[in-house]
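Remarks on the structure that follows.
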Amino acid sequence: MEKSIEVHNLTVSYHSKPVLWDVDFKLPKGKIIGVVGPNGSGKTTMLKTVMGLMKPDSGYTEIFGQPLDKVRERVSYVPQRESVDWDFPADVMDVVLMGRYRKNNLFKRITKEDRRIATEALEKVNLLEFADRQISQLSGGQQQRVFIARSLAQQADIYLMDEPFVGVDAATEDAILKLLRDMKNEGKTVVIVHHDLQTANEYFDWIVLLNTRLVAAGPKEEVFTKELLQEAYGGRLTVLSKLGDLISDTEFPLREPDFKEDHPKE
Amino acid sequence: MLDPIFIKVLLGTLLLAASSSVVGAFSFLKGESLVGDAIAHALLPGVVLAFILGDGRNPLFLIFGALVAGLIAHYGISFLEQRTKLKGDTAISLVLSTFFGFGIMLLSAVQRTGLGQQAGLERFLLGKAAAITLSDLYVFAALAVVLLVSVAVFFKGFQLMTFNEDFAAAIGLPVQAIRFVFTILTVLAVTVGIQSVGIVLMAALLITPAAAARAWTSSLRLMLVLSAVFAATAALVGTVVSASLPKMPTGPWIVLALGGIAFISLLFAPEKGWIARRKRAKGNQLKTQRENLLKLLYGAEEREGETVAMTSETIVAMRRQHLDGLRKTLRSLKKEYLLVERPDGFALTDKGRTEGRRVVRLHRLWELYLTERLGMAADHIHPQAETMEHIITPEIEALIVKELGNPELDPHQSPIPYEED
């Protein structure tokens with residue numbers, strides 16, 4: 001199996017309370033992969049750690065066998081729609097163009113080529129006629145499609161999306177699904193954080209079942225079984241959550257101060 | 001009043017106000033309006049210490065003192081927020097009052113020696129642009145230009161940081177560095193700004209122009225320009241008033257002028273202003289009345305099977321509406337050829353009939369949607385449909401029709417009238 005993402009022995013805390021316990025899995029390339037689990041199961045934390053937005057207590061993550069910094073231009077991230085203030089003064093095109101921002105063009109003007117790529121991305125999500133629309137005037141589904149267009153404008157090889165199906169209308173859902181299949185056919189990898197079990201089986205080829213610890217990861221036929229789903233959705237393990245509270249309350253460091261588990265290639 | 005020194009001071013003050021408001025616009029958009037206020041108050045001990053320890057007459061010393069104190073305060077606030085369980089506003093108040101108290105204590109100590117008065121340290125409290133010496137002004141004006149240029153250079157970085165910091169970090173932008181630059185610019189903007197309005201009123205100069213500008217535009221670039229223009233206008237008012245009238249302070253006048261601009265903006269701005277919003281609500285009211293009238297006539301035609309004319313008296317009786325309001329509605333319908341006035345009353349034109357049919361159709365579709373999808377009982381659905389029939393757009397109508405599979409009858413077994421094409 002060709003690896004897209006590897007998560008190695010990952011433990012991550014939020015406000016010094018562990019929300020992911022020693023999670024370890026590898027994901028294939030060229031598939032639509034769902035990260036599925038109940039609310040508060042650490043899905044978003046996992047994605048943010050892979051994107052380098054949260055620091056793990058231990059363990060590391062790799063993309064295409066490399067640390068994130070070496071492959072950043074091949075990785076695209078779609079944050080949760082509700083994580084930003086849509087009243088920000090910008091139009092749709094402004095936001096999609098942000099997908100063209102790079103460390104090395106931060107002080108440069110936006111080029112014609114950037115605009116062309118952004119326009120194409122807007123076309124793919126059927127929002128071209130909304131290019132000049134203020135983002136505050138968009139519906140939830142349109143906002144989500146703007147975020148996806150911005151991500152397409154990055155022209156990456158792997159896309160990490162946080163709950164893109166939440167609060168969108170049926171038309172947007174169809175549009176996103178079609179887009180995902182097109183991306184897959186082009187050999188891209190898409191990883192999607194998703195909480196809705198009803199649709200997970202239909203959307204994804206490969207599933208990571210998470211509930212603060214890894215329940216299972218694999219092709220959906222193997223993972224989407226009654227036993228495993230029950231394990232993931234049957235509530236949190238009492239011992240784990242009690243221990244987590246204890247660590248948080250006593251401010252207990254998860255590793256000794258000089259403990260180092262560095263990335264092998266860094 | 002038009003002597004060259006006054007003109008220079010005036011231009012300098014405009015520049016100071018404009019540059020701090022442009023930096024403040026980003027704080028406003030970030031929802032960190034109070035951080036600027038805290039930094040302004042925290043500058044006082046830095047400025048006074050710089051005066052005591054260094055050469056009190058050199059503005060560069062004061063700027064340096066302000067920068068150090070501002071940075072300590074800024075990181076103090078972040079530290080308290082992250083490492084203690086204090087809420088943001090508590091951390092801000094704590095830092096603001098402690099630093100300011102310390103500053104006032106130092107200030108009164110210096111004042112007693114008599115040196116402070118000489119240096120005009122009290123001008124930092126309430127601002128006194130007209131009293132700045134020309135050489136000081138050159139330094140601060142240069143700083144203001146640096147601020148404006150920096151914002152232009154860092155525009156993309158600041159824009160993305162403010163809108164979506166996680167994304168900025170995810171694409172590998174040096175988020176820490178950008179944030180540090182922004183903090184430095186904020187401290188410098190405050191240092192520059194307190195020359196004209198003083199510490200106590202500084203928050204107004206950072207935030208008010210941006211809030212006013214936001215009401216007029218939804219483009220970030222334009223908003224920055226407007227903020228600068230508003231701040232400069234207010235600075236003009238403040239400086240001229242204090243120069244022409246005896247004993248008039250500059251800073252408070254600048255802030256009052258800003259308040260006036262903000263008030264006018266929030267009231268009169270198109271789309272976002274209060275009056276525009278009222279007008280929209282009024283417009284929708286008229287739309288509702290017009291559509292209800294067309295619906296009434298269409299319903300009558302449906303029952304009678306032929307064209308019906310109604311006098312305004314009949315309509316008033318049926319709709320329990322005031323005659324005045326009705327006349328206005330009738331006039332506007334007539335003007336657009338949706339109704340004709342005949343000797344026996346008002347009747348629908350073809351155009352009016354289409355419109356009336358549309359409203360009836362939306363009403364019945366929505367009633368059906370409520371019973372089918374929301375499981376509501378047939379005797380509960382009418383009032384909501386009365387409102388929704390005026391709101392539903394053609395796109396939503398198409399969605400409903402598709403979702404319900406081109407239904408023929410509503411829950412009360414009345415036919416849903418589609419357009420025949």
Side-chain angles (χ1 to χ4, degrees), chain A residues 15-16 44 47-48 50-54 68-81 83-91 93-95 97-110 114 132-137 139 147 150-151 153-154 156 160 162 169-171 251, chain B residues 25-26 28-32 81-85 149-178 181 210-211 213-227 271-272 393 395-396 398-400 402-403:
Chain A
H15 288 312
S16 70
T44 295
L47 213 61
K48 284 192 168 177
V50 172
M51 287 313 302
L53 303 174
M54 287 178 79
L68 173 69
D69 265 330
K70 299 210 169 135
V71 287
R72 220 180 260 279
E73 306 233 325
R74 298 174 63 195
V75 188
S76 169
Y77 170 60
V78 181
Q80 273 179 31
R81 175 167 63 84
S83 67
V84 306
D85 175 12
W86 288 92
D87 213 22
F88 188 80
D91 62 26
M93 190 48 126
D94 289 335
V95 175
L97 279 170
M98 289 174 189
R100 302 302 304 159
Y101 291 14
R102 298 281 184 279
K103 205 173 177 175
N104 59 22
N105 70 13
L106 188 58
F107 300 116
K108 295 197 185 120
R109 287 177 158 273
I110 288 158
D114 289 336
D132 299 328
R133 184 71 67 92
Q134 291 310 313
I135 56 169
S136 57
Q137 295 169 357
S139 72
F147 260 11
R150 176 176 74 174
S151 147
Q154 287 183 264
L160 307 181
D162 201 346
D169 50 289
E251 319 247 332
Chain B
F26 284 101
F28 165 78
L29 289 173
K30 270 180 145 174
E32 290 178 354
E81 273 175 3
Q82 281 160 17
R83 298 297 162 86
T84 67
K85 291 195 168 165
V149 172
S150 307
V151 169
V153 169
F154 277 89
F155 180 81
K156 278 163 91 179
F158 289 168
Q159 176 205 34
L160 189 49
M161 282 281 293
T162 312
F163 176 59
N164 195 348
E165 189 173 327
D166 270 356
F167 186 77
I171 60 175
L173 296 189
V175 169
Q176 300 289 343
I178 297 175
V181 170
R214 183 68 185 92
W216 297 95
T217 175
S218 289
S219 147
L220 180 56
R221 279 188 185 80
L222 200 55
M223 184 185 147
L224 295 181
V225 173
L226 270 183
S227 301
E271 283 183 47
K272 289 200 159 219
T393 59
E395 293 82 49
I396 297 179
L399 273 179
I400 298 173
K402 194 175 152 210
E403 215 181 302

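What's counted below: heavy atoms across the whole structure, side chains too, no hydrogens, waters or symmetry copies. Computed from a predicted structure; not experimentally measured.
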Just give me the residue among A:Arg72, A:Lys103, A:Met51, A:Glu73 that pairs up with chain B most often, heavy atom to heavy atom, under 4.5 Å.
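Top option by heavy-atom pairs under 4.5 Å: A:Arg72.
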Atom group of B:Ile178 that falls short of 4.5 Å from chain A, counting heavy atoms
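Side chain only.
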With a 4.5 angstrom heavy-atom cut-off, is it the side chain or the backbone of B:Gln159 that approaches chain A, or both, or neither?
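Contact with chain A: backbone and side chain both.
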I'd like to know if A:Asp94 pairs up with B:Arg221 as an ion pair, taking the criterion as any Lys NZ or Arg NE/NH1/NH2 lying under 4.0 Å from an Asp or Glu carboxylate oxygen.
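The answer is no: the pair does not qualify as a salt bridge.
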Side-chain touch [X]/[Y], heavy atoms, less than 4.5 angstrom:
X        : Y        : answer
B:Asp166 : A:Ser83  : no
A:Gln137 : B:Glu271 : yes
B:Asn164 : A:Phe88  : no

B:Leu29 to A:Pro89 - nearest heavy-atom pair and separation:
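Looking at all heavy atoms of both residues, the shortest contact is CD2-CD, 3.5 Å.
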Which atoms form the tightest heavy-atom contact between A:Met98 and B:Phe167, and what is the distance?
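Distance-wise, the nearest heavy atoms are O-CE2, 3.7 Å.
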Atom [atom1] of [X] and atom [atom2] of [Y]: how far apart are they, to the nearest 0.5 Å?
X        : Y        : atom1 : atom2 : value
A:Asp91  : B:Ser219 : CG    : OG    : 8.0 Å
A:Trp86  : B:Phe163 : CH2   : CZ    : 4.5 Å
A:Asn105 : B:Lys156 : CG    : NZ    : 4.0 Å
A:Asp85  : B:Lys30  : CG    : NZ    : 13.5 Å

Which of B:Leu173, B:Leu399, B:Ile171 touches chain A most, by non-hydrogen pairs under 4.5 Å:
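Greatest number of close heavy-atom pairs with chain A: B:Ile171.
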Can you tell me which of B:Gly172, B:Ala168, B:Pro174, B:Ala169 forms the most heavy-atom pairs within a distance under 4.5 Å of chain A?
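The candidate making the most pairs under 4.5 Å is B:Gly172.
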Side chain, backbone, both or neither of [X] within contact of chain B (heavy atoms, under 4.5 Å):
X        : answer
A:Gln154 : side chain
A:Arg102 : backbone
A:Asn104 : neither
A:Ile135 : side chain
A:Leu53  : side chain
A:Val95  : side chain

For B:Thr84, side-chain contact (heavy atoms from CB on, under 4.5 Å) partners two or more places apart
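For B:Thr84, the residues satisfying side-chain contact (heavy atoms from CB on, under 4.5 Å) (neighbours in sequence not counted) are B:Leu80, B:Leu86.
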